[in-house]
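Report on the structure given below.
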Amino acid sequence: MNAYDHQSIEAKWQRRWAEQGTFRVPNPGEPGFDPSRPKLYVLDMFPYPSGEGLHVGHPLGYIATDIYSRYQRMRGRSVLHPMGFDAFGLPAEQYAVETGVHPRLTTERNVANFTRQLRAFGLSYDWDRCFATTDPGYYRWTQWIFLRLFHSWFDPDAGRARPMATLLEDLEAGRRLAGGRPWADLDAAERHAYLNGLRLAYIDEVPVNWCPGLGTVLANEEVTREGRSERGDFPVYRRPLRQWMLRITAYAERLLADLDLVDWPESIKAMQRNWIGRSEGARVLFPVEGSPEVIDVFTTRPDTLFGATYMVLAPEHPLVDALAAEVWPPGTPIGWTGGAADPRQAAAAYRLRASGRSELERQAETREKTGVFLGRVAVNPVNGASIPIFLADYVLMGYGTGAIMAVPAEDERDWEFAEAFGLPIVRTVQPPEGWEGPYTEDGPAINSGFLNGLRVAEAKPRMTAWLEEQGCGTAAVSYKLRDWLFSRQRYWGEPIPILHGPGGELRPLGDDELPLLLPEVEDYRPRTDLADDAEPEPALGRAPDDWKTVALNGVVYRRELNTMPQWAGSCWYYLRFCDPHNREALVGAAAERYWMGERGVDLYVGGVEHAVLHLLYSRFWHKVLYDLGHVSTPEPFGRLFNQGYILADAFQDERGVYLPADEVEEQDGRFTYRGRPVTRSFGKMGKSLKNSVSPDEIFVEYGVDTLRLYEMFMGPLDSSKPWTTRDIVGVHRFVLRLWRALIDPGTGALRVDEAPADPELLALTHRTIAAVTGDMEDLRFNTAVARFFELNNALVARERVPRFVAEAFVRLLAPFAPHLGEELWERLGHSTSVALAPWPDFDPGLAAEDTVTMVVQVNGKVRDRILVPAGIGEEEARSLALGSEKVAAYLKGGEPRRVVVRPPNLVNIVVP
RNA sequence: GCGGGCGUAGCCGAAUUGGCAUAGGCGCCGGACUUAGGAUCCGGUGGGCGUCAGCCCGAUGUGGGUUCGAGUCCCACCGCCCGCACCA
């Protein structure tokens with residue numbers, strides 16, 4: 001085997017790694033564990049094992065983390081680098097609906113296929129730690145965490161979660177009141193309701209995103225701005241349902257503040273901050289004339305209270321029925337009635353209309369303001385003015401209190417509504433001369449009594465203080481973030497381990513009853529044929545009766561039939577990798593402290609698409625586990641890096657339908673598919689654009705190492721870049737040339753010289769080591785590969801390569817092209833894996849060249865280059881530069897005005 | 001509208017603190033090997049001039065500014081990408 005034969009080399013080393021367990025890493029307490037080695041946890045966002053398999057875009061991040069892991073191992077770190085599968089979820093279930101094949105079988109098949117493909121990339125995972133979220137041994141602990149959420153509450157005084165048991169003790173001992181009442185005074189139903197109102201996992205009747213196309217409800221994060229499902233692009237409708245919720249809002253402040261603790265891309269932090277959506281302001285209470293009710297509003301502009309000329313409730317606001325008057329007050333404008341005979345009918349009709357429309361339809365109405373008058377007025381607490389109360393869908397129940405004070409002069413939406421309904425507009429901030437329309441900028445307060453003359457920033461706290469003095473308001477913080485809707489009506493998810501008693505009481509399973517396994521069903525289809533107002537039936541409703549009901553002590557309980565969303569399994573998988581076979585705990589304490597110590601996962605690499613879904617949910621669960629003492633760091637992922645996407649040409653016919661890109665032919669810059677002209681576009685490689693490139697052909701033609709090098713060479717890891725199969729040959733030529741530089745193609749003999757390297761090559765080698773080492777730390781793999789090319793270009797002309805250079809080069813290259821690295825390392829005479837060899841050191845003294853080219857500038861333009869000793873002094877450099885003949889031409893015998901000397905690189909001579 | 005980011009050669013991209021702009025690759029041009037090559041190997045590749053060592057000039061989206069010196073810092077503008085968006 002003298003010529004480079006990637007197929008046999010790659011097969012040989014993948015086999016040997018598996019046989020020798022090269023990348024197995026022991027836990028504390030296990031044989032081979034070396035406590036002197038500092039740990040490093042390098043994690044990929046694990047994939048959903050789809051039926052399509054991998055294309056060349058998928059492994060970009062995996063290759064990067066693999067290189068980083070291999071590099072850090074060579075630097076002596078104990079590296080945890082695992083891989084697993086996020087295997088619950090819709091595609092396997094959709095397939096089951098269509099074919100009747102159990103999702104478990106589909107999942108197992110896909111996991112096997114993915115594992116095979118990932119192994120083919122030569123990735124250095126510790127495969128002994130591999131699991132899927134669908135393994136009962138794993139989801140047992142997902143259910144266990146759910147029970148911890150159920151058994152915990154967020155103590156606002158402590159600012160953290162605590163077990164319900166401690167709350168009950170306090171309540172029973174009278175140290176704490178339940179909603180202002182002694183615990184003993186509450187009956188069973190009241191106690192149940194009170195505790196449910198505090199649990200981190202609780203049931204509530206809430207307006208949900210019901211997606212008939214998927215037969216399930218979705219979290220807000222899973223609904224696109226067009227009001228469609230992120231997965232499948234089906235329409236989503238709002239409807240109220242009793243559902244499991246997780247109280248993520250309790251953690252809003254910590255999820256926001258702790259972003260300062262982590263090393264994440266600023267854009268991801270910004271997206272999370274934006275999603276949490278903190279805003280400061282005040283709650284203001286508005287009494288209602290002729291009613292005992294009080295309307296509670298949130299405003300960020302308490303300073304504009306004097307300008308509040310009407311109020312608006314969201315259509316779903318709970319006070320609507322109580323407030324709607326029986327008859328229209330005399331003089332009610334016809335435009336305020338919605339054409340209804342009385343306010344109650346108007347409100348009912350409006351509410352029905354609002355609920356029946358999807359988000360998409362609401363968008364389509366171009367934000368035209370609609371609403372109806374409730375026939376009742378509130379009292380503005382600051383000036384006693386009577387202001388009408390409206391119902392309008394531009395106010396959202398899900399934000400603030402679901403009710404607003406409307407200040408048309410200082411709010412665009414309120415202005416539009418006021419114009420449409422003929423409501424008064426009172427300016428309370430003085431706009432610039434000639435200003436028309438709402439004014440939302442800073443200015444002096446006017447028409448505002450005790451606030452007059454104050455700027456906005458001064459007026460806000462003044463008004464808040466006044467409200468607090470008067471007892472009709474308080475400073476307040478509001479968040480956009482809402483509680484996490486946690487129920488799904490699908491089959492292929494973790495069953496929720498809760499029983500429902502005959503009186504509606506909840507009985508959680510005990511930890512010893514886990515895992516609660518999924519029952520077998522004959523039909524996976526969601527019930528979508530139901531009437532609009534019927535309760536959607538979960539898929540587990542078709543489970544056998546002996547699964548659905550449980551008799552305990554003569555009481556018959558019904559099992560919870562909803563399952564968990566796909567995000568549940570991925571919320572904590574990084575913890576399980578630390579200790580995947582532990583049967584006593586979700587993760588052993590010693591393993592958790594060792595692998596997660598300091599800053600959690602040391603490097604977490606994945607796509608930006610998980611910016612607010614997975615990463616926010618995961619942080620939330622982690623903080624709960626932290627509060628309850630199960631993990632030791634406040635944040636799970638210390639450093640996050642988003643790899644870019646791989647893009648590729650895509651082709652569409654005249655209808656816009658995407659055509660298989662690999663069947664499109666190019667001729668003279670025109671593209672055709674089966675003879676018909678097609679248009680070219682560009683986008684993320686994948687199934688939807690039909691522009692995937694399979695790695696298999698590239699493996700055959702060029703090999704894994706070439707593909708790995710190419711993907712790293714394409715550009716910076718964090719930017720998206722186009723796939724160009726044509727460009728791979730450049731990297732492949734490098735591999736061939738390197739092989740030829742070290743191995744004689746005729747005899748197969750090593751072309752290594754035992755004599756020391758000449759100073760020039762030695763310096764280049766040391767510079768390469770220095771540069772590549774720096775590139776590794778910063779994940780700049782594209783420039784590292786470029787350094788390989790440069791060093792290689794210096795070797796190809798030589799008959800023999802000095803051993804020092806060869807051994808350094810092979811070790812630098814090994815993380816990128818591990819099979820080639822191993823083969824060359826072995827041929828260089830080493831019997832142990834290059835993966836365990838020490839990373840080469842560089843000598844800064846040797847890396848520096850003895851002589852450097854000093855640039856001589858005149859007025860900032862390069863006019864001469866002089867070879868000088870690297871250690872040249874300032875005076876010497878100055879006189880050398882001034883002595884240059886080329887400079888003399890610009891000096892014209894005169895004196896330079898100024899000479900800037902930066903030895904040994906540059907002298908800049910300033911002349912008039 | 002709000003927030004984050006990006007504009008360098010024919011293309012992908014490099015330039016760590018302001019200091020030789022364009023490393024490295026593709027493509028292209030020329031040559032070698034060859035029946036042939038779209039494989040492989042060697043050389044060239046911003047423009048202009050020149051007898052191959054050379055000389056001159058231009059250029060980092062646009063326009064200003066700071067500086068001896070700006071791709072890099074500051075201001076304004078243009079274009080592109082991403083996220084959020086009736087969030088009170």
Side-chain angles (χ1 to χ4, degrees), chain A residues 3 225 265-275 277-279 281 297-301 304 308 312 314 362-363 365-369 392-396 398-407 410-414 416-417 440 478-482 608-609 611-612 642 701 709-710 713-716 718-724 726-734 736-737 740 745 771 774-775 777-778 780 782-790 792-793 796-797 852-862 864-865 886 896-902 905-911:
Chain A
R225 109 177 94 153
E266 205 45 51
S267 60
I268 301 291
K269 289 191 186 186
M271 283 162 75
Q272 292 220 345
R273 289 192 187 105
N274 190 15
W275 190 263
R278 184 183 200 273
S279 47
V297 306
F298 174 76
T299 177
T300 56
R301 294 293 302 274
T304 62
V312 183
R362 283 168 79 150
Q363 293 277 336
E365 285 167 16
T366 64
R367 297 183 181 177
E368 196 177 305
K369 293 291 177 288
D393 66 1
Y394 82 91
V395 172
L396 310 174
Y399 183 76
T401 62
I404 62 159
M405 63 179 220
V407 186
E410 278 93 33
D411 184 285
E412 284 181 33
R413 299 149 301 177
D414 295 345
E416 287 171 22
F417 190 88
T440 56
S478 186
Y479 300 92
K480 264 167 65 179
L481 182 70
R482 294 186 230 172
V608 71
E609 68 270 19
V612 287
N642 293 119
E701 191 164 359
L709 282 165
Y710 172 63
F713 184 63
M714 291 171 78
D718 58 357
S719 54
S720 293
K721 49 234 159 195
W723 179 265
T724 321
R726 184 177 77 186
D727 289 1
I728 297 174
V729 297
V731 179
H732 191 59
R733 284 178 194 144
F734 156 75
L736 295 175
R737 290 206 285 178
R740 217 168 39 244
D775 289 339
E777 297 291 342
D778 298 338
R780 292 191 311 248
N782 55 325
T783 51
V785 176
R787 299 285 183 179
F788 296 152
F789 288 2
E790 279 179 296
N792 195 39
N793 288 344
V796 288
V852 297
T853 305
M854 184 174 77
V855 170
V856 183
Q857 297 180 334
V858 177
N859 290 341
K861 293 204 176 208
V862 180
D864 199 6
R865 294 182 167 88
K886 286 164 186 162
R897 186 189 293 170
R898 183 173 170 185
V899 181
V900 180
V901 186
R902 293 283 180 274
N905 296 314
L906 176 138
V907 175
N908 187 15
I909 298 163
V910 186
V911 298

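The basis for the numbers below is simple: all heavy atoms, side chains too, and nothing from hydrogens, waters or symmetry mates. Labels below follow one simple rule: chain letters A, B, ... track the order of the sequence lines, proteins then strands, and each chain is numbered from 1. All values derive from a computational prediction rather than experimental measurement.
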Inset, instruction - Quick one: label A:V910 by what it contacts on the DNA or RNA (base, sugar-phosphate, nothing), any heavy atom closer than 4.0 Å. - result: sugar-phosphate
Inset, instruction - Using both distances under 3.5 Å as the test, list the Watson-Crick or G-U wobble partner of B:C84, or none. - result: B:G1
Legend entry - Separation of B:G10 C1' from A:D727 CG (nearest whole Å): 13 Å
Inset, instruction - May I ask you to decide if A:H732's main-chain N or O and A:Y710's side chain share a donor-acceptor pair within less than 3.5 Å? - result: no
Inset, instruction - Would you classify A:P265 as touching base, sugar-phosphate or nothing, given that sugar-phosphate means primed atoms plus P, OP1 and OP2, and contacts are heavy atoms under 4.0 Å? - result: nothing
Legend entry - Atom-pair distance (CG on A:D775; C1' on B:G24), nearest Å: 12 Å
Legend entry - B:G58: pairing nucleotide in any strand, Watson-Crick or G-U under 3.5 angstrom: none
Legend entry - Pairing partner of B:A14 (Watson-Crick or G-U wobble, both distances under 3.5 Å): none
Inset, instruction - Would you indicate what A:R740 reaches in the nucleic acid, counting non-hydrogen atoms under 4.0 angstrom: base, sugar-phosphate, or nothing? - result: sugar-phosphate
Inset, instruction - Taking A:Q272 for its side chain and A:A611 for its backbone only, find out whether a donor-acceptor pair lies under 3.5 Å. - result: yes
Legend entry - Residue-phosphate contact under 4.0 Å: A:N908 side-chain N/O, B:C20 OP1/OP2: no
Inset, instruction - Mind checking A:R865 for me? I need base, sugar-phosphate or nothing, with any heavy atom below 4.0 Å counting as a touch. - result: base
Inset, instruction - Using whole Å, report how far CZ of A:R737 lies from P of B:A39. - result: 15 Å
Legend entry - Partner nucleotide of B:C68 by Watson-Crick or wobble geometry (both distances under 3.5 Å): B:G19
Inset, instruction - Work out which heavy atom in A:T401 is nearest to a heavy atom in A:V297; give both atom names and the distance. - result: OG1-CA, 3.3 Å
Inset, instruction - Could you check whether A:E412 gets within reach of a base, just the sugar-phosphate, or nothing at all, counting any heavy atom under 4.0 Å? - result: nothing
Legend entry - Upstream residue (5' side of RNA chain B) when A:G277 and A:K721 are each assigned their closest nucleotide: A:K721
Legend entry - Base-pairing mate for B:A53 - Watson-Crick or G-U, with both contacts under 3.5 Å: none
Inset, instruction - Tell me which nucleotide among B:G13, B:C26, B:C41 gets nearest to the side chain of A:N782. - result: B:G13
Legend entry - A:E266, nearest nucleotide to its side chain (from B:G4, B:U16, B:A21): B:G4
Legend entry - Distance-only donor-acceptor test, A:K480 side-chain atoms vs B:C84 base atoms, 3.5 Å: no
Legend entry - Proximal nucleotide (of B:C68, B:A15, B:G24) relative to the A:F789 side chain: B:G24
Inset, instruction - Would you mind reading off the distance between A:L906 atom CG and B:U67 atom P, rounded to a whole angstrom? - result: 19 Å
Inset, instruction - Looking at every strand, decide which applies to A:S719 at a 4.0 Å heavy-atom threshold: base, sugar-phosphate, or nothing. - result: nothing
Inset, instruction - Ignoring the backbone of A:M271, work out which of B:C84, B:G83, B:A23 is nearest its side chain. - result: B:G83
Inset, instruction - Using whole Å, report how far CZ of A:R733 lies from P of B:G24. - result: 15 Å
Legend entry - Nearest-nucleotide comparison on RNA chain B, the residue closer to the 5′ end among A:R726 and A:V608: A:R726
Inset, instruction - Remember a base hit wins even if backbone is also touched, and classify A:N793 as base, sugar-phosphate or nothing at under 4.0 Å, heavy atoms. - result: sugar-phosphate
Inset, instruction - Could you tell me the separation between the CD1 atom of A:I728 and the P atom of B:A39, rounded to a whole number of Å? - result: 13 Å
Inset, instruction - Classify the nucleic acid contact of A:F713 as base, sugar-phosphate or nothing, counting any heavy atom under 4.0 Å across all strands shown. - result: base
Legend entry - N or O in side chain of A:S279 less than 4.0 angstrom from B:A88 OP1/OP2: yes
Legend entry - Interatomic distance where CZ belongs to A:R482 and C1' belongs to B:C84 [whole Å]: 14 Å
Inset, instruction - List the steps, then state whether side-chain hydrogen bond (donor to acceptor under 3.5 Å, both in side chains) holds for A:N793 with A:R737. - result: CA-CA 9 Å; A:N793 288 344; A:R737 290 206 285 178; 3.0 Å; yes
Inset, instruction - Determine the contact category for A:N859: base if any of its heavy atoms lies under 4.0 Å from a base atom, sugar-phosphate if only primed atoms, P, OP1 or OP2 are that close, otherwise nothing. - result: nothing
Legend entry - Minimum-distance nucleotide to A:I404 side chain [options: B:G25, B:A21, B:A88]: B:A88
Legend entry - A:R787 versus A:A771, closest heavy-atom pair with distance: NE-CB, 3.4 Å
Legend entry - Interatomic distance where CG belongs to A:L396 and P belongs to B:C86 [whole Å]: 7 Å
Inset, instruction - On the 0 to 90° scale, with breaks at 30° and 60°, tag the A:F788-A:F734 ring pair as parallel, tilted or perpendicular. - result: parallel
Inset, instruction - Determine which nucleotide pairs with B:G27, using a 3.5 Å limit on both distances of a Watson-Crick or G-U wobble pair. - result: B:U45
Legend entry - Closest listed nucleotide, where the reference is the side chain of A:A786 and the choices are B:G19, B:A88, B:G24: B:G24
Inset, instruction - Of all the heavy-atom pairs spanning A:G402 and A:V395, show the shortest one and how long it is. - result: O-CG1, 3.6 Å
